[in-house]
Amino acid sequence: MSSSKKPLSYPSSHKSNQVDNYHGTSVADPYRWLEDPDSEETRTWIEAQNQITFGYLSEIPAREKIKQRLTKLWDYEKYGIPFKEGERYFYFKNDGLQNQSVLYTLKTLEDEPKVLLDPNKLSEDGTVALSGLSISEDGKLLAYGLSTSGSDWQEWKVRDVETGEDLQDNLKWIKFSGASWTHDRQGFFYSRYDEPNEKTQLEDVNYYQKLYYHQLGTSQSEDVLIYHRPDQKEWSFGGGVTEDGHYLIISIWLGTDSKNLVFFKDLTNPNAEVLELINQFEADYSFVDNDDSVFYFRTDLNAPRGRVIAIDTKNPAPENWREIIPQSAETLESVGVLNNQFVADYLKDAHSQIKIFDLKGTFIREVELPGLGSAGGFGGKRHDTETFYNYTSFTTPGTTYRYDMITGKSTVLRQPKVDFNPDDYETKQVFYQSQDGTRVPMFITHKKGIKLDGNNPTYLYAYGGFNASMTPSFSVSLLVWMEIGGIYAMPNIRGGGEYGEEWHQAGMKDKKQNVFDDFIGAAEWLIANKYTKTEKLAIAGGSNGGLLVGACITQRPDLFGAAIPAVGVMDMLRFHKFTIGWAWTSEYGSADNLEEFPALYAYSPLHNIKPDTAYPATLITTADHDDRVVPAHSFKFAAALQEAHAGDAPVLIRIETKAGHGAGKPTAKIIEEAADKWAFLVRTLDIA
């Protein structure tokens with residue numbers, strides 16, 4: 001493994017005498033002071049760490065060439081999927097290197113598009129991002145949310161679509177919420193928290209979300225409280241108006257648990273109460289559509305891979321529920337209604353499969369897709385006969401198709417032009433066995449003609465949590481990696497949603513070790529099958545995937561040549577004490593719980609760093625304004641790893657300023673970070 005000419009001298013990270021008692025176990029937390037991101041001591045530490053990291057990266061000769069190639073490849077037109085409200089179409093487009101995509105509107109798809117909202121004009125450096133939008137049913141009003149420097153906090157405004165002018169409405173302290181208009185377009189429903197402490201709003205815990213109705217032209221202080229539960233501080237609410245305008249569907253969830261409740265309110269009766277339809281956290285229920293009082297749901301109740309049921313709200317007892325589309329071998333991700341038919345989005349071994357059924361559940365046809373990839377979109381209204389979708393794969397940039405619901409034909413609407421030849425690359429899907437014998441799929445993509453001689457630099461990336469499915473998608477950054485001879489491998493490990501709720505639960509709480517075993521198994525398979533070797537193998541992941549990387553390098557430091565954990569959850573004993581971290585206890589468990597503490601302590605990356613151990617070359621990445629996974633996780637992990645590290649491979653932390661967890665990050669910052677990442681691997685994996 002290549003390293004710098006002399007071992008790096010890391011900034012001083014002083015240790016305090018902080019010790020906590022967990023159910024009789026004493027646990028030291030010497031870097032607790034790094035939990036305050038704005039203290040003078042922490043700011044000095046950030047500056048010193050960045051000085052070493054950026055100094056190291058700037059000396060890598062390949063970095064500038066990589067950045068130039070990334071910039072050139074990135075510079076192509078990127079179109080979002082068109083959607084329609086009233087008599088208007090809307091879509092996002094990025095000219096190529098714009099920091100944020102621009103929202104356009106037009107009457108027909110052949111018209112000259114008009115800019116409706118350009119977030120690039122909201123800040124000079126592109127760090128104000130559009131983080132949510134909702135268009136009224138007649139297409140005349142746009143409610144939109146903005147977030148600054150990557151924060152989860154949003155401010156919502158309203159814009160007249162025809163004039164492009166903002167109205168006086170301004171709503172604050174909104175987080176994890178959309179907006180849903182009433183059909184009279186007099187206002188919309190949204191969820192918010194109480195105003196937080198000005199100084200600590202990026203760290204404070206978020207509890208007691210409330211569902212409100214905002215009437216246009218009035219102050220936020222006059223908004224009508226629709227529903228809240230003072231007795232349930234952890235409940236979160238999402239309110240959506242049905243397509244017929246008749247009902248408000250209220251979905252209630254507890255943290256990140258996929259089980260939810262469903263309540264509803266009759267909007268045609270001003271005095272209607274909120275009624276409870278599903279009042280037990282027993283399964284996932286996603287509202288699809290309704291026929292008057294009959295509500296359709298996609299659910300995993302008694303069907304871990306998903307099915308469609310109908311509930312008549314006039315006879316809501318479970319014995320009266322009807323199954324419309326039964327569970328199949330594939331995983332049912334989502335369902336919509338178009339042309340009076342169900343459009344069902346399935347995953348078959350982690351790639352898309354789209355099936356169409358009539359409203360009685362009779363299969364009509366499968367949508368023909370170009371290959372093993374991911375298809376998304378298929379939005380629209382009940383009677384629409386046209387819809388749009390995007391198809392992408394590891395070697396196919398996102399291509400937009402128009403789909404005719406009557407003929408079943410797809411036609412290309414927009415195909416991006418990227419400066420590469422997809423025929424030079426190949427993707428295959430393999431299956432390997434994890435430690436306990438579980439069969440796990442993995443996609444492998446690389447240039448055609450590589451030799452399986454164990455010498456290929458390989459980038460192994462996964463997530464493994466929160467029921468999130470990892471599916472094929474195109475990335476300019478990964479294309480640059482493959483151009484320099486790299487292999488990209490993406491296993492679909494447990495904890496994700498690729499094979500339904502059972503697959504998810506097999507990687508939760510006290511079964512979390514399965515996730516790490518699956519990832520380690522992927523690394524061992526790649527080495528055994530001569531794709532790569534330890535010295536050429538890098539692992540990476542972000543957020544929950546950052547935890548994955550942190551756990552794997554502390555469990556198997558001998559197996560990897562390099563590691564890039566991004567915005568990772570590294571302190572599994574204290575994660576629930578910051579911002580929305582409490583919401584993850586349904587996934588991870590909590591150290592406050594005597595039964596759950598041992599499993600968390602056994603794999604918590606911060607608490608399993610061993611002194612005098614040679615760790616792989618590591619580039620930890622985070623942002624000083626991340627208010628989802630607070631940067632203290634990465635700060636404390638970096639300080640502890642640098643102190644324990646006995647090898648001469650670099651252990652660095654790259655701390656982005658004016659950025660958050662990742663959403664809304666400007667293009668310029670994305671390119672800089674990708675250039676740093678690949679340059680780091682070129683040097684540490686000794687890529688010629």
Side-chain angles (χ1 to χ4, degrees), residues 251 253 256-260 262 278 280-289 295-311 318 321-337 341-367 369 372-376 378 429 431-434 436-443 462-472 490-509 511-512 514-515 518 544 586-587:
S251 183
W253 61 94
T256 52
D257 195 351
S258 48
K259 301 181 180 73
N260 65 309
V262 180
I278 312 287
Q280 299 291 322
F281 286 104
E282 58 182 358
D284 171 75
Y285 296 89
S286 301
F287 180 80
V288 177
D289 201 356
F295 291 4
Y296 298 108
F297 291 94
R298 180 262 173 218
T299 184
D300 57 16
L301 178 73
N302 303 323
R305 291 185 303 283
R307 60 183 177 138
V308 176
I309 62 170
I311 303 175
W321 296 2
R322 288 182 296 123
E323 181 171 83
I324 307 296
I325 303 174
Q327 175 175 254
S328 74
E330 297 79 35
T331 303
L332 180 59
E333 293 268 281
S334 62
V335 186
V337 177
Q341 296 170 328
F342 289 116
V343 180
D345 179 355
Y346 287 93
L347 275 187
K348 179 181 172 62
D349 290 331
H351 57 84
S352 289
Q353 190 179 53
I354 312 294
K355 296 179 185 176
I356 295 173
F357 301 84
D358 69 17
L359 292 182
K360 291 178 180 169
T362 306
F363 175 75
I364 296 173
R365 76 172 84 92
E366 189 176 324
V367 176
L369 297 175
L372 291 187
S374 306
F378 297 97
Q429 188 176 37
F431 292 84
Y432 65 92
Q433 280 203 344
S434 190
D436 63 357
T438 299
R439 185 171 180 260
V440 182
M442 175 163 57
F443 293 104
Y463 186 75
F466 295 94
N467 204 28
S469 300
M470 301 287 289
T471 63
M490 188 181 84
N492 299 101
I493 59 181
R494 281 174 282 185
E498 291 88 349
Y499 292 107
E501 187 56 22
E502 287 175 347
W503 193 251
H504 171 213
Q505 290 187 13
M508 282 172 61
K509 291 195 171 180
K511 298 185 180 68
K512 190 71 180 173
N514 287 336
V515 179
D518 288 359
N544 173 76
S586 54
E587 180 82 10

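Reckoned from all heavy atoms, side chains included, excluding hydrogens, waters and symmetry mates. What you see is a predicted model, and the numbers here were worked out from it, not measured in a lab.
Between K259 and D300, no side-chain nitrogen of the basic residue sits less than 4.0 Å from a carboxylate oxygen of the acidic one, so the salt-bridge criterion is not met. Salt-bridge formation is not detected for the pair D436/K511: no Lys NZ or Arg NE/NH1/NH2 atom is positioned less than 4.0 Å from an Asp or Glu carboxylate oxygen.
Between A303 and Q327, the shortest heavy-atom contact is C-OE1, 3.0 Å. The minimum heavy-atom distance linking E587 with G507 is given by the pair OE2-O, 4.5 Å. Between S374 and S352, the closest heavy-atom pair is CA-OG, 3.3 Å. Between L301 and T299, the closest heavy-atom pair is N-OG1, 3.0 Å.
A donor-acceptor distance shorter than 3.5 angstrom exists from the side chain of N514 to the backbone of A506, with no hydrogens or angles considered. Distance alone, capped at 3.5 Å, is enough to place a donor-acceptor pair between the N544 side chain and the G464 backbone. For D518 (side chain) and R494 (main-chain N/O), a donor-acceptor pair under 3.5 Å exists by modelled atom type. Judged purely by atom type and a 3.5 angstrom limit, E498 has no side-chain atom pairing as donor or acceptor with the backbone of L347. No donor-acceptor distance shorter than 3.5 angstrom exists from the side chain of Q353 to the backbone of Y346, with no hydrogens or angles considered. Side-chain atoms of R298 do not come within 3.5 Å of backbone N or O of V288 as any donor-acceptor pair. A donor-acceptor pair under 3.5 Å is formed between the side chain of N260 and the backbone N or O of Y285.
Between D345 atom CG and T331 atom OG1 the span is 10.5 Å, to the nearest 0.5 Å. One distance of note links CG of N492 with CE of M442; it measures 10.0 Å at 0.5 Å rounding. For the atom pair CZ of F281 and OG of S586, the computed distance is 10.0 Å after rounding to the nearest 0.5 Å. In this structure, I354 CD1 and R365 CZ are separated by 13.0 Å, a value rounded to the nearest 0.5 Å. The OG atom of S328 lies 13.0 Å from the CZ atom of R307; values are rounded to the nearest 0.5 Å. For the atom pair F357 CZ and I325 CD1, the distance stands at 4.5 Å (nearest 0.5 Å).
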- Would you sort out whether Y296 and V335 count as a side chain to side chain contact (heavy atoms under 4.5 Å, CB included), showing the intermediate values? CA-CA 10 Å; Y296 298 108; V335 186; over 6 Å; no

- Message: Checking V440 against F431 for the side chain to side chain contact (heavy atoms under 4.5 Å, CB included) test, could you report, in this order, the C-alpha distance in whole Å, the side-chain angles of both residues, the deciding distance, and whether it holds?
- Response: CA-CA 5 Å; V440 182; F431 292 84; over 6 Å; no

- Step-by-step side chain to side chain contact (heavy atoms under 4.5 Å, CB included) determination, W503 to T438: CA-CA 10 Å; W503 193 251; T438 299; 3.7 Å; yes

- Task: Tell me, with the steps shown, if V367 and V343 meet side chain to side chain contact (heavy atoms under 4.5 Å, CB included).
- Result: CA-CA 9 Å; V367 176; V343 180; 5.8 Å; no

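Side chains of D284 and S258: no donor on one and acceptor on the other come within 3.5 Å.
The closest side-chain heavy-atom distance from V262 to F297 is below 4.5 Å. Between Y499 and P441, some side-chain heavy-atom pair lies under the 4.5 Å cut-off. Taking 4.5 Å as the limit, every side-chain heavy atom of M470 sits out of range of all side-chain heavy atoms of P491. Contact annotation: the side chain of L372 never approaches that of D349 to less than 4.5 Å [non-hydrogen atoms, C-beta and beyond].
Partners of Q429 by side chain to side chain donor-acceptor pair (under 3.5 Å), not counting sequence neighbours: none found. Judged as a side chain to side chain donor-acceptor pair (under 3.5 Å), and not counting sequence neighbours, D257 has no contacts.
Using cut-offs of 30° and 60° for the angle between ring planes, the F466 and Y463 rings count as tilted.
Residues in residues 355-364 take part in these salt bridge (Lys or Arg N to Asp or Glu O under 4.0 Å) pairs, two or more places apart or across chains: E330-K355.
More than 12 heavy atoms of other residues, nucleotides or ligands lie within 6.0 Å of CD in E323, so this atom counts as buried by the packing criterion.
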